[in-house]
Structure formats: structure tokens, C-alpha cells
Amino acid sequence: MRWSRYFIPTLKEDPAEAEVVSHRLLLRAGMVRRLTSGIYTYLPAGWRSLLKISEIIRREMTRYHAVELLMPAVQPGDLWKETGRWEAYGKELLRFRDRHDRDYCIGPTHEEVITDLVRREISSYRQLPLNLYQIQTKFRDEIRPRFGLMRGREFIMKDAYSFDRDEAGAAQSYEWMHKAYVSIFEKLGLRFRAVEADTGAIGGSLSHEFMVLADTGEDVIATCSQCDFAANLEKAEVECQGPDCPECSLPPEQVFTPGMHTVSQVAGYLNVPQRKVLKTLLYDADGRSVAALVRGDRELNEVKLKNVLGAQSLELASKEQVEKWTGAGLGFAGPVGLRVDRMVADLELRLETDWITGANVEDAHLMHVDLKRDSRINGYHDLRSITREDPCPRCAGTIRMTKGIEVGHIFRLGTKYSRSMHALFLDEQGVEQPMIMGCYGIGVSRVLAACIEQNHDDHGIIFTPAVAPFETVIIALNPRDELVQKNARDIYSRLIAHGVDVLLDDRDERPGFKFKDCDLVGFPLQIVVGARGIKNKVVEVKERHSGQRHELPLEDFWTGFQKVRQRVREHFGLTSG
RNA sequence: CGGGAUGUGGCUCAGUCUGGCUAGAGCGCAGCGUUCGGGACGCUGAGGCCGCAGGUUCGAAUCCUGCCAUCCCGACCA
């Protein structure tokens with residue numbers, strides 16, 4: 001491909017609408033353009049990268065026995081009513097009606113459609129297992145789309161669904177997908193981590209997320225320095241053992257704490273460490289009042305709380321609710337005498353006593369509180385987020401925190417959908433059984449954004465060879481110079497003949513302009529053909545990621561080029577090919 | 001949906017507070033000339049119902065009201 005005939009509208013200045021790196025660079029590198037909020041056109045270079053990502057996904061999915069198909073984007077509402085998600089899904093589901101006034105939606109995911117297909121076509125255990133996937137545009141009407149491709153409303157996703165006849169088969173399918181995902185992200189040349197994840201609204205028992213590691217990631221990952229434990233902070237369980245501590249020897253005592261709303265204020269005022277103060281957080285969980293207690297120096301983990309409560313929705317109580325439940329203003333809630341439907345405490349609160357808590361009285365706290373003696377806790381659970389001070393829950397190692405971008409998620413669904421939609425088969429005994437399902441997603445367009453978040457510098461994108469729209473660009477400096485032109489074309493044809501993915505920058509532009517453009521778009525390898533080099537029978541090859549340049553003799557250029565290319569591939573953890 | 005901000009040539013912005021003359025700059029674009037290994041320079045030129053709709057005023061990009069759009073901060077997610 002010649003750049004002069006291609007279409008990469010680069011921007012010299014930062015677009016005002018883009019804040020995050022990937023969004024900014026995708027726009028500047030002429031890879032995407034916004035059509036409307038959260039909806040983007042993939043320009044040729046961006047689309048080419050997406051195709052490369054998709055191809056790697058296809059290859060690995062196939063390797064692990066998944067079969068590609070393509071389902072409709074528009075889905076009938078009736079299917080969603082079968083599973084109850086027509087009501088449950090919320091406003092992210094874009095619903096509309098056709099001319100006959102029938103309900104439809106644009107698919108944000110395809111459990112219903114695939115389950116409907118499979119229940120019609122599969123009736124015997126002999127037809128199982130089956131794993132079907134597609135790469136398709138999805139639509140979720142996000143409350144707030146942002147960060148360009150990172151969280152668009154329309155996005156490209158690979159979604160796979162497995163159907164098995166028993167738990168062992170389902171476990172095997174899950175295992176294969178896990179392997180396929182590891183292989184996919186390795187082949188993309190990304191630094192990533194598979195972590196244990198919360199199953200969230202999709203439900204099911206086991207779940208892993210695949211995180212591309214990047215400082216700008218929104219998710220926090222807890223990893224162990226010694227074993228292979230890695231989990232989303234939302235999920236990472238906290239190890240907490242030890243005997244219950246004996247009852248506090250002192251009776252509760254009310255103290256005056258005027259205007260002291262926060263834990264740090266109270267601790268400072270009473271001159272005690274924050275860990276001696278209890279945080280009492282009040283929530284509205286599906287309309288019921290809930291109090292959750294953690295140590296003052298800890299962070300409550302809302303995902304854990306939600307799971308413990310088995311709640312559909314969980315919201316911090318409003319100021320009005322707090323006043324109603326505690327009888328005091330914000331900041332004076334405590335477990336003693338609190339009138340809520342349910343009160344839960346973090347596990348570690350059993351290990352100590354003599355707490356300072358809110359008194360449920362304006363401007364007052366209680367000292368010497370013993371939870372067992374003075375309050376009615378409904379249960380002790382793992383409610384807080386793991387910290388660097390905690391031991392690894394699997395071994396004695398220490399916990400580290402890393403940031404990541406979620407690009408893949410795999411779930412064991414069990415029979416949630418197969419039961420509600422009657423996706424049944426006959427087993428060897430002729431007994432009807434629900435199929436056991438799994439689902440496996442990769443945000444294809446998000447992978448592109450994540451790749452850029454992970455690999456960029458001040459000059460622009462640094463694509464991995466696998467994701468780059470072109471692995472190599474040949475910069476013909478001054479293409480009006482016939483010798484330069486001829487040599488550039490020569491190299492171009494030779495590389496094409498060797499199957500190298502190469503773009504020829506034959507534009508009639510000044511050298512600096514072209515260098516800047518090539519750095520911006522982030523081609524991993526730049527071959528610079530200039531009059532100066534030609535005279536000495538050399539061309540220069542630059543590694544985008546390191547900036548290192550290699551002068552290669554024109555004669556036997558291919559051999560020299562292969563070496564540099566190999567170096568670059570190795571840098572991204574890629575093997576030959 | 002709540003909080004904040006912004007809408008002015010294709011892009012980035014000034015001008016708005018304190019209303020007034022022909023609405024500006026840089027980049028980009030077109031033509032000519034010079035230049036040609038890190039986003040060149042000179043000259044000439046095209047391009048704007050100042051987000052939309054009302055209102056105030058002799059006069060509105062500027063003041064008022066309403067609406068729309070986009071971006072940023074919180075609850076959702078690949």
C-alpha cells in the first residue's frame with residue numbers, strides 16, 4: 001500500500017474532546033473519528049488494526065474448538081422477556097419498536113439469541129459440547145460513554161458461548177477458553193494478567209478477567225509477590241484469622257465530639273489512632289436499610305457487601321435516610337442501638353474490642369464499645385478491600401497493587417439461561433438435562449485502546465507488531481529523487497514478496513513531516529530511504545519503541561532487516577513469524 | 001440522572017466580564033516562488049447565518065430565557 005493512495009488523516013494538535021491518551025492518539029493518528037457521543041467510525045488504519053486483532057482471536061479460538069458464526073444485532077424483546085432481562089437489564093439496553101409496535105432491542109450481548117438457537121438445534125448429548133462465537137458490533141447505551149474506544153456505546157466484541165452436558169465438560173470448556181485468551185493476549189504482544197473476578201450481574205460461579213497492564217487503567221489488581229495469586233481488588237478475599245477477643249472491661253461511655261464527622265476528625269480529636277474508630281456505613285439495599293462496619297483505617301468494598309447481602313442494588317443512604325435511621329446528622333452513626341434491617345461487620349472486627357463509634361446522637365461518640373456485648377451484629381463477613389499490609393490469601397507472600405484495563409472476561413454461567421429458556425438435551429439415560437453454559441468476551445475495540453494506553457510516548461503510539469496497522473513503513477525521503485524513489489519501491493516489492501506487512505510513504509512531503517507522522521501512527525519499524533544513504537549504499541531502519549537506528553547495507557537488505565525485525569518482535573514477547 | 005465546563009472557518013483557540021465600526025490569530029487548505037534527514041519560509045487567496053430558537057436594545061458572538069450538543073467528575077461495563 002502506498003500512503004499517497006491511502007487515507008490516514010493525522011492531526012498535529014490535540015483534539016479538545018479527548019482527554020485520555022488512547023483517545024487522543026487514536027484521533028491524532030487518524031485511526032478513528034467520532035460520529036456522536038460514544039460512537040466512532042474506524043478509519044482505514046484503525047480498522048486494519050482491529051482486523052489484525054480479530055484475526056489473532058479467530059486463530060486462537062479455532063485452536064481451542066470454538067466455531068465462528070454471526071448473529072443479528074437486532075433482537076426481539078420476547079427473548080429477553082423469557083430470561084427476565086427485558087426488565088432487569090436497565091437502560092443500557094437500547095429498546096425500540098418496529099412498525100408493528102413489537103418490542104426490539106439492539107444486542108448488548110447475545111446469551112438469549114445463542115441459547116434460542118441452540119435449544120432449537122441441539123437435542124442430544126451426542127451433539128455436545130459446542131462452543132460458538134462471533135465478532136460483532138455491540139451496543140450498550142452507557143450512562144456516560146467516555147475515553148473514546150475505552151468505553152464507547154457502540155463497540156466491537158468477540159463473544160463466545162459454550163454448551164456442555166456436564167460440569168466436567170463445562171470446566172474443560174472454561175479451561176480451554178482461559179488458555180485461548182492467554183494465547184491471544186500473548187500473540188498481541190501485550191503485557192497482561194489473568195485475574196480472579198467478581199461474577200457480577202451475569203451470575204455464575206467462576207470468573208476471570210484479562211487485564212492489560214497500564215498505569216492509566218481503571219481497575220486495581222492485587223497480585224502476590226510469591227505465588228500466582230492475582231485478583232481484581234473488588235474480588236480479592238482478605239485473609240483474617242485469629243481468636244475472638246475477650247469482652248471489653250470498660251462499659252460504653254458517651255463523649256462529646258462537636259462537629260467531628262469523619263474518622264480522622266474523631267481520631268484526632270480524641271487523640272487515638274484511626275484504627276480504633278469504627279466506620280459505620282449506611283446503605284439502601286433493595287429498599288432495606290443496612291449498616292456495614294469496618295475499621296476506621298479500612299476501605300469498605302461495596303462489591304463484597306453487595307454479594308454478602310445478595311442485593312440487586314446497593315446505594316449509599318441519603319442524608320435523609322441517615323437522619324431517619326440514626327436520629328442524628330451525618331457522621332454520628334454507630335452500631336449501638338441503631339435501628340436498621342441488617343447490620344454486618346468486617347471479619348477483623350472480631351479480633352479486637354474497645355471501639356470508638358458514633359453514638360447515633362448529634363455531636364457524640366461512644367467509647368469502649370464491644371460489638372458482641374453492645375450491638376446486634378447479624379454477621380461477620382469479608383467486607384473490606386485487601387491492602388498492601390495484608391498477607392496473600394493463598395500463601396504468605398506480600399500483596400502488590402497494579403492497575404489494569406479489563407479487555408476480556410470469562411464466566412461459568414451454569415444453567416441460568418438454559419433453564420429459563422429450556423435449552424435441554426437428552427443424556428445417555430434419556431433424561432432431559434439443562435445444558436451447562438459458559439460465556440467468554442473480549443472487547444476487541446477496547447483492546448486497541450488498551451494497547452495504546454500501554455504503549456506510547458510523547459511522539460505518539462508505539463504499536464506492537466501484531467496490532468500495528470502496518471508492521472513496517474518505508475519512508476521515501478524526497479520521492480521526487482528518482483534514485484530514492486526506485487530504491488524505496490525496490491525494497492517495498494521485496495518485503496511484499498517476503499510477506500511483510502508494509503506501507504510505502506511516498507507522499508511528496510518534507511522529511512520532518514513524514515518522520516513525525518510515522519512516529520505518531522506508531523509503526524514498529526521505519527525504513528528510511530534517503531539520497532544520502534543511497535549514495536553510500538545503505539538504508540536506515542529505526543525501531544519505533546527504542547528509537548534505535550540501524551544502518552543496513554542495500555545489498556542483502558533482507559537479511560539485515562530480518563534481524564532488526566526479530567529484535568523488535570522479541571521486545572514485545574513475540575516469537576518468529 | 002446529579003455536579004462542573006465548553007460551543008466562534010476543517011483543527012486549536014482569542015474576542016464575551018465592560019454590547020458598537022469590515023469577527024481575529026496559528027495550524028490546515030488552494031496558487032506561485034524558495035526550501036527538502038525531524039511537523040520549513042515568503043507572497044497571494046478561499047473559507048464563518050459566532051450551536052439552535054426566542055427576547056432585551058438604535059445596535060448582540062457579547063446581555064436575558066429556553067433548548068440542543070460535546071467534554072470532564074460520580075453509579076454501569078468488554
Side-chain angles (χ1 to χ4, degrees), chain A residues 9-20 23-24 27-28 30 33-39 57 89-93 108-110 135-160 181 197-198 200-202 207 209-212 218-219 232 234 284 302-303 306 313-316 318 404-411 439-450 459-460 475-481 484 507-520 526 528-534 539-540 542 547 549:
Chain A
T10 56
L11 267 24
K12 197 190 287 192
E13 285 173 285
D14 281 334
E17 68 183 50
E19 198 84 351
V20 294
H23 189 195
R24 216 170 61 217
L27 288 166
R28 281 195 57 200
R33 286 294 182 264
R34 187 180 65 81
L35 177 63
T36 183
S37 180
I39 301 183
I57 292 174
Y89 208 89
K91 291 192 180 162
E92 287 75 38
L93 183 64
T109 178
H110 284 244
I135 294 176
Q136 190 215 30
T137 295
K138 298 272 190 273
F139 191 90
R140 289 183 193 169
D141 198 1
E142 295 287 341
I143 305 162
R144 182 154 96 87
R146 58 184 133 173
F147 307 150
L149 294 195
M150 289 283 265
R151 193 180 302 190
R153 296 147 86 198
E154 192 175 291
F155 58 99
I156 300 175
M157 177 167 159
K158 186 247 43 174
D159 48 327
Y181 276 36
D198 184 65
I202 295 184
S207 174
E209 283 168 342
F210 288 77
M211 300 280 196
V212 166
E218 285 194 283
D219 285 290
N232 193 315
E234 291 177 348
D284 179 328
E302 289 195 3
V303 172
K306 198 169 168 179
S313 84
L314 184 72
E315 271 181 68
L316 212 52
S318 65
I405 299 163
E406 183 189 355
V407 288
H409 204 156
I410 60 180
F411 298 90
C439 80
Y440 318 92
I442 293 180
V444 177
S445 41
R446 184 183 277 184
V447 167
L448 177 57
H459 302 290
I475 307 174
L477 295 177
N478 193 357
R480 278 186 266 183
D481 179 325
V484 168
R507 294 173 301 168
D508 186 14
E509 296 288 352
R510 297 169 57 82
F513 183 93
K514 295 168 81 162
F515 288 135
K516 292 285 187 192
D517 251 9
C518 291
D519 283 349
L520 175 61
Q526 297 174 5
V528 183
V529 183
R532 207 173 67 191
I534 295 298
V539 292
E540 190 178 283
K542 184 180 118 174
R549 295 152 201 268

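All values below come from the heavy atoms of this structure, side chains included, with hydrogens, waters and symmetry mates left out. Each chain gets a letter, A, B and so on, in the order the sequences are listed, and its residues count up from 1.
- Annotation: ring pair (Phe, Tyr, Trp, His ring centres under 6.0 Å) contacts of Phe210(A) (sequence neighbours excluded): His178(A), Tyr181(A), Phe185(A).
- Residue whose closest nucleotide on RNA chain B sits further toward the 5' end, between Ala531(A) and Gly408(A): Ala531(A).
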Inset, instruction - Step by step, work out the side-chain contact (heavy atoms from CB on, under 4.5 Å) result for Leu35(A) and Glu154(A). - result: CA-CA 11 Å; Leu35(A) 177 63; Glu154(A) 192 175 291; over 6 Å; no
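- In this structure, Leu520(A) reaches the bases: a heavy-atom distance under 4.0 Å links it to at least one base atom across the strands shown.
- Partner Arg151(A) forms a side chain to side chain donor-acceptor pair (under 3.5 Å) with one of Glu142(A), His23(A), Glu218(A) and no other, that one being Glu218(A).
- Regarding contacts with the backbone of G37(B), every side-chain N or O of Arg510(A) stays at 4.0 angstrom or more from both OP1 and OP2.
- Side chain of Arg140(A) to main chain of Pro108(A): a donor-acceptor pair is present (N/O by atom type, distance under 3.5 Å, no hydrogens or angles).
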Inset, instruction - For each nucleotide in nucleotides 6-15 of chain B, reading 5' to 3', give B when a protein heavy atom comes within less than 4.0 Å of its base, S when such contact involves only the sugar-phosphate, and - otherwise. - result: -----BSS--
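- Base pairing of G28(B) is not made with any nucleotide, judged by Watson-Crick or G-U wobble geometry with both donor-acceptor distances under 3.5 Å.
- Partners of Phe147(A) according to the ring pair (Phe, Tyr, Trp, His ring centres under 6.0 Å) rule, which considers only residues two or more places apart in sequence or in another chain, do not exist here.
- Here the nucleotide nearest the side chain of Arg34(A), chosen from C76(B), A78(B), U70(B), is U70(B).
- With a cut-off of 3.5 Å on both pairing distances, the Watson-Crick or G-U wobble partner of G20(B) is C58(B).
- Salt bridge absent: Glu509(A) and Lys514(A) never bring a charged side-chain N and a carboxylate O closer than 4.0 Å.
- Applying the 3.5 Å distance criterion, the base of G38(B) shares a donor-acceptor pair with the side chain of Arg549(A).
- G37(B) has no base stacking with the ring of Phe515(A) when judged by centroids under 5.5 angstrom apart and an interplanar angle below 30°.
- No donor-acceptor contact under 3.5 Å links the side chain of Arg140(A) to the base of C76(B).
- If you check A14(B) for Watson-Crick or wobble pairing at under 3.5 angstrom, you find it has no partner at all.
- Within 4.0 Å of Glu92(A), counting heavy atoms only, lie sugar-phosphate atoms of the nucleic acid but no base atom.
- Look at Ser37(A) and you won't find any side-chain N or O under 4.0 angstrom from OP1 or OP2 of A69(B).
- Between the side chain of Asn478(A) and the base of G37(B), no donor-acceptor pair of N or O atoms lies under 3.5 Å.
- Toward the 5' end of RNA chain B, the nearer of the two residues Thr36(A) and Val444(A), judged by each one's closest nucleotide, is Thr36(A).
- Residue Arg151(A) places its side chain closer to C77(B) than to any other of U70(B), C77(B), C72(B).
- Using a cut-off of 4.0 Å between Lys/Arg side-chain N and Asp/Glu carboxylate O, Asp141(A) and Lys91(A) are scored as not salt-bridged.
- Base contact: Arg28(A) has a heavy atom under 4.0 Å from a base atom.
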